[in-house]
Each structure stands twice: as structure tokens, then as C-alpha cells.
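To keep things clear, I will list the structure first and then write my remarks on it.
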Amino acid sequence: MTARTIAVSGSASGIGRALATLLRGQGDRVIGVDLRDADVTADLSVPEGRSRAVAETLEICGGLLDAVVASAGVSHFTDLTVKVNYFGAVALLDGLRPALARAENPRAAVVGSISGTQPVDDAVVRACLDGDEPAALRAAAKAAEAGAGHTLYPSSKAAVARWLRRACVTPEWAGAGIPLNAVAPGVVRTPMSAPLFEDERMLKAMNDAVPMPLNGYADPEVIAEALRWLVSPANTHMTGQVVYVDGGAEATLRGPDVF
């Protein structure tokens with residue numbers, strides 16, 4: 001298999017790190033993007049950081065990328081979640097899309113979440129999809145002040161899933177031969193989720209909210225394997241899909257009538 005050049009955000013830990021390790025192990029060149037310990041160090045929560053991430057990645061790859069995976073994410077009850085999980089991911093994917101279009105078998109993916117199926121803040125989601133970051137941040141701040149900060153993570157993940165469903169069939173993506181998909185994990189054992197396992201009450205609440213009858217909690221390598229296939233040349237016709245790698249959580253919560 002010919003080595004490919006793949007950009008991965010969130011490459012310093014969790015799912016992004018697991019994916020980067022898998023890709024390098026098969027001989028691919030990975031351009032890691034993260035706050036630290038990466039080829040490109042940039043803060044995706046702010047416009048300047050997003051521009052830096054795109055510019056430096058393009059410089060390293062010489063303007064041609066085989067795949068991009070937006071894996072960087074945070075889980076907070078503040079607007080930081082919206083900044084990184086939605087606007088950071090979309091800016092990276094949109095900014096690197098022209099470099100993908102120059103590749104022979106370009107692919108793109110983003111890490112969503114089972115939480116994207118849960119109740120969301122409609123104002124946050126709507127502002128995200130309108131591309132209005134100031135409005136999204138105002139709505140997020142209002143939700144946090146009202147004690148609804150817990151809706152911001154699912155809102156950010158729902159918004160990015162809806163964005164990719166809209167974008168994937170456009171001339172810029174499908175028309176350029178670029179499949180664009182998402183993986184939606186259930187509970188994954190990563191540094192971000194580690195505090196949840198240390199609190200018995202939180203653990204019980206998590207089990208109730210995200211029941212995973214098939215093999216329980218996942219290691220990040222499980223999610224990375226799904227992402228590896230989505231951005232491989234083997235994926236020629238799947239686009240706009242949110243693939244739930246969640247131990248059966250989505251099927252348990254939403255039942256058999258969703259298909």
C-alpha cells in the first residue's frame with residue numbers, strides 16, 4: 001500500500017493519538033495538530049489558532065493531503081466546547097479541503113458523539129449551522145447561566161453532524177470526490193473521560209445515559225480503527241454518515257424505529 005499523508009487534530013491524546021499511532025504503524029505520514037506535543041501546535045478554540053493550524057499543515061504537506069480527521073474535542077459546560085468541537089473542526093476541514101481535492105483518493109472524517117442524539121440547545125445549533133460564532137457563543141453563555149451547560153457538548157456534536165450531512169453532497173466535497181463522514185463513540189476511556197470513572201455517582205449516571213450492552217466501554221483504539229477505514233481508499237461510496245461505534249447505546253436509546 002502506498003504511504004499517504006494524513007492530518008489528525010487532537011493527535012496528542014485519546015482517540016487522535018490512537019489513530020495517529022495506527023496510521024504511522026501502517027506506514028502513513030501523520031501531521032499531528034494539537035495544543036502541544038504535535039507537528040502543528042495550535043489552539044482550535046480561536047480563529048487565529050485555526051488559521052495557524054491550516055497554514056502550517058499546508059506548509060508541511062506541500063499543499064496536498066490524502067486525508068483529514070478532525071478528532072480534537074473538549075467536554076466543558078462552557079462555550080469552549082462550541083468553539084473547539086464545532087467551529088474548530090469545521091474550520092480545519094474547510095481550510096484543508098483544497099489540499100484534499102488535489103489527492104488521488106481524498107477522505108475526511110470528524111469525531112462526533114452518541115451525545116449528539118440527546119437534547120440540545122436549538123439556539124446554539126442554529127447559530128453554528130449559520131456560521132455565526134458570536135451568536136453561538138452568546139447562546140452558549142446564556143445556556144450556561146441558566147444551568148443548562150450540560151447541553152453544550154451534545155449541541156456541538158449534533159451541529160457538526162448536521163453540518164457534514166449538509167456539506168458532504170456539495171460540489172466542494174462529493175463533487176471533488178471527497179467522502180466526509182463521522183464516527184460517534186459511546187463512552188471511551190480517554191484522559192477527557194477519566195474523571196467520570198473516579199466518581200461513583202457520575203459513573204452510574206453515565207451508565208444510565210449511555211448504556212453499552214456490547215462489550216461495555218471502549219478503548220480509543222476501537223474508535224481509531226473505524227476512523228482508519230473511513231479515511232482509507234477502500235471507502236469509495238460512504239459519505240454523510242454518522243457511524244455509531246458505541247456498544248449498542250444508540251440502538252438502545254432510540255430503539256428499532258430509527259434506521
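Both backbone and side-chain heavy atoms feed into the values below; hydrogens, waters and symmetry mates do not. Starting from 1, each residue takes its place in the sequence as its number.
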- [ ] Report the C-alpha separation of Leu129 and Tyr86 in whole Å, then their side-chain angles, then the decisive distance to 0.1 Å, and conclude whether the side chain to side chain contact (heavy atoms under 4.5 Å, CB included) test is met.
- [x] CA-CA 9 Å; Leu129 294 174; Tyr86 183 82; 3.9 Å; yes
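- Judged by distance alone, the side chain of Gln241 and the main-chain N or O of Thr239 form a donor-acceptor pair under 3.5 Å.
- Side-chain atoms of Lys157 come within 3.5 Å of backbone N or O of Val111 as a donor-acceptor pair.
- The two residues Gly27 and Ala3 come nearest to each other via the heavy atoms O-CB, 3.2 Å.
- Hydrophobic clustering of Ile, Leu, Val, Met, Phe, Trp and Tyr side chains at less than 4.5 Å, counting indirect connections, keeps Met238 apart from Ile178.
- Under the 4.5 Å side-chain heavy-atom criterion for Ile, Leu, Val, Met, Phe, Trp and Tyr, Val110 and Tyr244 are members of distinct hydrophobic clusters.
- Distance alone, capped at 3.5 Å, is enough to place a donor-acceptor pair between the Thr117 side chain and the Ile114 backbone.
- To the nearest 0.5 angstrom, Ser155 atom OG is 11.0 Å from Arg126 atom CZ.
- Annotation for Trp173 and Ala108: closest pair CZ3-CB, 3.7 Å, computed over non-hydrogen atoms.
- Looking at every heavy atom in both residues, Ala182 comes nearest to Leu164 through CB-CD2, 3.4 Å.
- Here the CZ-CZ distance, from Arg165 to Arg162, works out to 11.5 Å after rounding to the nearest 0.5 Å.
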Less than 3.5 Å apart, which donor and acceptor atoms pair up between the side chains of residues 29-37 and the rest of the protein, not counting sequence neighbours?
unit_1	atom_1	unit_2	atom_2	d
Arg29	NH2	Ile60	O	3.1
Asp34	OD2	Ser11	N	3.2
Asp34	OD2	Ala12	N	2.9

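- Panel note: side chain Asp28, backbone Arg4; a donor-acceptor pair is recorded below 3.5 Å.
- In terms of heavy atoms, Pro106 sits closest to Ala176 at CG-O, 4.3 Å.
- Separation of atoms OG (Ser113) and CD (Gln118) is listed at 8.5 Å; rounding is to 0.5 Å.
- No side-chain heavy atom of Val90 sits less than 4.5 Å from a side-chain heavy atom of Leu93.
- Pro154 and Ser115 make their closest contact through CB-O, 3.0 Å (heavy atoms, listed as atom of the first residue, atom of the second, distance).
- We find the CZ-CD distance between Arg17 and Glu221 to be 9.5 Å, quoted to the nearest 0.5 Å.
- Salt-bridge check for Arg24 with Asp39: passed, with a basic side-chain N closer than 4.0 Å to an acidic carboxylate O.
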- [ ] Evaluate the criterion side chain to side chain contact (heavy atoms under 4.5 Å, CB included) for residue pair Asp94 and Trp163; output intermediate values, then yes/no.
- [x] CA-CA 11 Å; Asp94 270 342; Trp163 170 81; 3.8 Å; yes
For residues 61-77, which side-chain donor-acceptor pairs fall under 3.5 Å, sequence neighbours excluded?
unit_1	atom_1	unit_2	atom_2	d
Asp66	OD2	Thr5	N	2.8
Ser71	OG	Gly16	N	3.3

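- Side chain of Asp132 to backbone of Ala127: no donor-acceptor contact under 3.5 angstrom is found.
- Closest non-hydrogen pair, Ala184 versus Val242, comes out as CB-CG1, 3.6 Å.
- Val183 and Val160 fall into different hydrophobic clusters, where Ile, Leu, Val, Met, Phe, Trp and Tyr side chains are chained together by heavy-atom contacts under 4.5 Å.
- Remark: Arg228 engages Glu225 in a salt bridge, criterion side-chain N to carboxylate O under 4.0 Å.
- Val54 and Val8 fall into different hydrophobic clusters, where Ile, Leu, Val, Met, Phe, Trp and Tyr residues are linked whenever their side-chain heavy atoms come under 4.5 Å apart, directly or through other members.
- In terms of modelled atom types and a separation under 3.5 Å, the side chain of Asp246 and the main chain of Gly248 share a donor-acceptor contact.
- Linking Ile, Leu, Val, Met, Phe, Trp and Tyr residues whenever their side-chain heavy atoms come within less than 4.5 Å places Ile223 and Leu230 in a single cluster.
- Separation of atoms CZ (Phe87) and CG (Leu44) is listed at 13.5 Å; rounding is to 0.5 Å.
- A 4.5 Å side-chain heavy-atom check between Cys128 and Val82 finds at least one atom pair inside the cut-off.
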- [ ] Please lay out, stage by stage, how Asp79 and Lys83 fare under the test side chain to side chain contact (heavy atoms under 4.5 Å, CB included).
- [x] CA-CA 6 Å; Asp79 61 8; Lys83 292 177 182 179; 3.9 Å; yes
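- Considering OH of Tyr153 and CG of Asn85, their distance stands at 6.0 Å, rounded to 0.5 Å.
- Judged by distance alone, the side chain of Asp121 and the main-chain N or O of Thr151 form no donor-acceptor pair under 3.5 Å.
- Without hydrogens or angle criteria, Arg107 side chain to Ser232 main chain gives a donor-acceptor distance under 3.5 Å.
- With hydrogens and angles disregarded, a donor-acceptor distance shorter than 3.5 Å links the side chain of Arg50 to the backbone of Ser45.
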